[in-house]
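Structure record follows, encoded as structure tokens.
All chains are named by letter (A, B, ...) in the order of the sequence lines, taking the proteins before the strands, and each is independently numbered beginning at 1. Quantities reported herein were computed from a predicted structural model and do not represent experimental measurements.
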Number of protein chains: 2
Amino acid sequence: MSDKPVKPVLVIHGGAGAITREESTPEKIRERREALLASLKAGYAVLKQGGSALDAVEQAVLSMEDCPLFNCGRGACLTSEGTIEHDASIMDGRTRAAGALSGSRRVRNPISAARAIMERTPHIHLTGDGVELFAREQGLALAPEWYFYTPERLEALRRIQAAKGQPFVLSEKDRHGTVGAVARDADGNLAAATSTGGYANKLPGRVGDSAHIGAGTFADNATVAASGTGHGETFMRVVMGHRLSDLVELTGQSLDEAATAVINDIGRFGATGGLIAVDARGGAVMKFNSPGMYRGIAEDDTFKVAIFGDEEVS
Amino acid sequence: MSDKPVKPVLVIHGGAGAITREESTPEKIRERREALLASLKAGYAVLKQGGSALDAVEQAVLSMEDCPLFNCGRGACLTSEGTIEHDASIMDGRTRAAGALSGSRRVRNPISAARAIMERTPHIHLTGDGVELFAREQGLALAPEWYFYTPERLEALRRIQAAKGQPFVLSEKDRHGTVGAVARDADGNLAAATSTGGYANKLPGRVGDSAHIGAGTFADNATVAASGTGHGETFMRVVMGHRLSDLVELTGQSLDEAATAVINDIGRFGATGGLIAVDARGGAVMKFNSPGMYRGIAEDDTFKVAIFGDEEVS
């Protein structure tokens with residue numbers, strides 16, 4: 001913690017991908033902007049009241065999990081078997097404590113379960129049936145499977161699977177949607193959280209970067225808090241969040257330079273995606289190499305959101 | 001790949017922990033040394049014939065998975081429910097391709113399944129039932145659950161669970177046992193592999209660092225190949241393998257200096273464990289902060305193993 005009070009800030013993303021004006025209607029754009037604003041307000045309200053970065057990122061992600069527009073919680077992508085399997089993780093920059101889950105099918109808010117795993121078990125990552133067993137023991141809210149399903153995700157899976165002989169072919173549109181939040185609170189503490197349904201037609205049991213501490217989520221008060229969205233396997237090979245942290249710590253690069261370098265790494269492996277990050281010195285970035293990324297930032301009691309790549313946050 | 005031929009080397013570990021002469025019999029020590037030698041010979045035979053580092057680490061780990069003395073494959077630790085749940089991962093330093101699995105119950109050799117996931121799916125990490133589904137489709141060897149059980153692991157679980165009200169209390173002895181291998185082949189390619197049963201009395205569904213690329217396993221021809229053993233949650237927070245790689249790449253530290261720094265990080269979080277690593281320039285290290293680590297190195301057609309902390313490999 002620094003001696004002088006620092007300005008609280010919250011940054012969120014709602015997925016990066018082939019998001020273009022041509023394929024969007026004004027109505028859809030308005031809906032997304034409102035959903036991003038709702039998430040920002042939920043998280044920033046915590047910071048405004050002097051709450052922790054950890055609480056803020058949980059509330060911001062929880063808001064998006066409850067909204068069917070994003071690929072997480074309600075509205076998640078479906079596996080090749082038509083099932084829902086959530087991944088999520090959260091990390092506290094004060095202690096580097098972390099919690100994660102994968103293959104979760106019944107937990108209503110995966111990000112809150114990830115936090116409970118961090119705080120109430122000696123483990124970091126629980127998967128599959130173990131998540132539900134833990135959630136039931138702890139009295140976490142469960143939901144019936146139908147709660148998570150949306151017509152759009154069912155339609156996307158049918159379309160992909162109609163392309164016979166190409167079980168893994170996806171359009172860019174079917175990949176994006178992972179959500180995340182990073183925050184710095186008034187005490188200078190950092191936190192990061194990420195939540196996703198993975199991507200459409202993934203194999204049952206596929207675990208992505210959103211459940212991997214260091215890849216999709218990382219936070220260390222001494223360096224950065226980061227959350228990623230995009231081609232998860234590439235984020236795992238690049239170890240995105242930890243790479244960003246090491247570049248800032250070990251090379252003296254600014255947060256902006258380091259984030260650009262990491263996105264370039266992602267591109268070198270032929271992948272697209274984006275990241276959001278804050279550092280302890282006041283920096284905040286939203287970087288991506290895809291046509292668009294749902295994103296927003298809240299600071300100084302001001303809320304700004306953006307969607308397309310050629311757009312300033314406003 | 002470097003222009004000049006480099007000397008092939010294979011390094012293995014069979015777990016780090018409270019391994020002391022006082023608690024070992026000459027017979028047990030001899031058995032372990034033979035098992036380590038068998039693993040070294042299996043992996044080094046590949047390198048000797050001009051094979052790849054990737055094949056070498058798979059064969060070395062496979063040898064330990066088939067041996068009931070190590071906490072992986074046959075002989076794995078049991079969860080708090082008395083079940084077997086294997087984690088494993090493998091990474092190819094040429095391409096940074098990677099494969100991993102967690103919560104695997106029926107696959108006879110988890111390390112070979114991790115490699116199949118790397119080579120035959122668009123994913124890196126499969127978990128739980130998804131592993132078995134994939135393994136059956138691919139015709140990988142399965143084993144009945146009883147195959148993996150050993151009297152020692154059942155006894156360990158009973159002893160731990162007899163300590164009522166302290167469900168997560170483990171002795172150091174119950175933690176160690178994860179195995180791993182790292183290699184550099186004659187073409188200068190690096191690879192790493194790790195396989196484990198986790199630790200005794202873990203919650204069902206717990207995923208450890210051995211399934212996390214960047215934490216328990218990492219390989220990049222440009223830097224290092226590394227495999228870890230010890231308190232998995234700490235290895236995940238430290239992002240062990242990737243941290244070692246970044247220290248070598250970004251700070252100019254030698255492999256030895258960087259490995260010492262990473263083990264010191266592990267210690268700062270109050271944890272114990274060890275790592276093995278090789279780099280592209282010919283370096284090889286075996287570092288740990290526990291009383292002992294089962295370990296061995298093969299190079300120049302010579303095989304050396306060691307167990308206790310005060311012992312040179314010979």
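Looking only at side-chain heavy atoms (C-beta outward), A/His125 and B/Met236 come within less than 4.5 Å of each other. Counting heavy atoms from C-beta on, the side chains of B/Arg237 and A/Phe218 never come closer than 4.5 Å. A/Leu203 places a side-chain heavy atom less than 4.5 Å from the side chain of B/Thr121.
Listed options B/Thr251, B/Asp129, B/Ile213, B/Val239 were ranked by heavy-atom pairs under 4.5 angstrom with chain A; first place goes to B/Val239. In terms of heavy-atom pairs under 4.5 Å with chain B, the best-connected choice from A/Thr95, A/Asp209, A/Thr79 is A/Thr95.
Taking the six-membered ring where the residue is Trp, B/His212 and A/His212 present parallel rings, their angle staying beneath 30° rather than reaching 60°.
For a residue to count as touching a neighbouring chain, one of its non-hydrogen atoms must lie under 4.5 Å from one of that chain's; by this rule B/Ala100 does not touch chain A. Neither the backbone nor the side chain of A/Ala215 has a heavy atom closer than 4.5 Å to any heavy atom of chain B. Residue A/Glu85 does not touch chain B at all, counting heavy-atom pairs closer than 4.5 Å.
Scanning both residues, B/Thr127 and A/Ser102, for their nearest heavy atoms gives CG2-OG, 4.4 Å.
B/Arg96 has no carboxylate O lying under 4.0 Å from a charged side-chain N of A/Glu233, or vice versa, which leaves the two without a salt bridge.
B/Met240 contributes atom CE, which lies 11.0 Å from atom NE2 of A/His242 (distance to the nearest 0.5 angstrom). Between the CG atom in A/Leu250 and the CG atom in B/Leu250 there is a gap of 5.5 Å [rounded to 0.5 Å].
Residues of residues 130-137 of chain A lying under 4.5 angstrom from chain B, judged on non-hydrogen atoms, are A/Gly130, A/Leu133 in numerical order.
Under the rule for a side chain to side chain contact (heavy atoms under 4.5 Å, CB included), the partners of A/Ala261 that lie at least two apart in sequence or sit in another chain are A/Leu247, A/Gln253.
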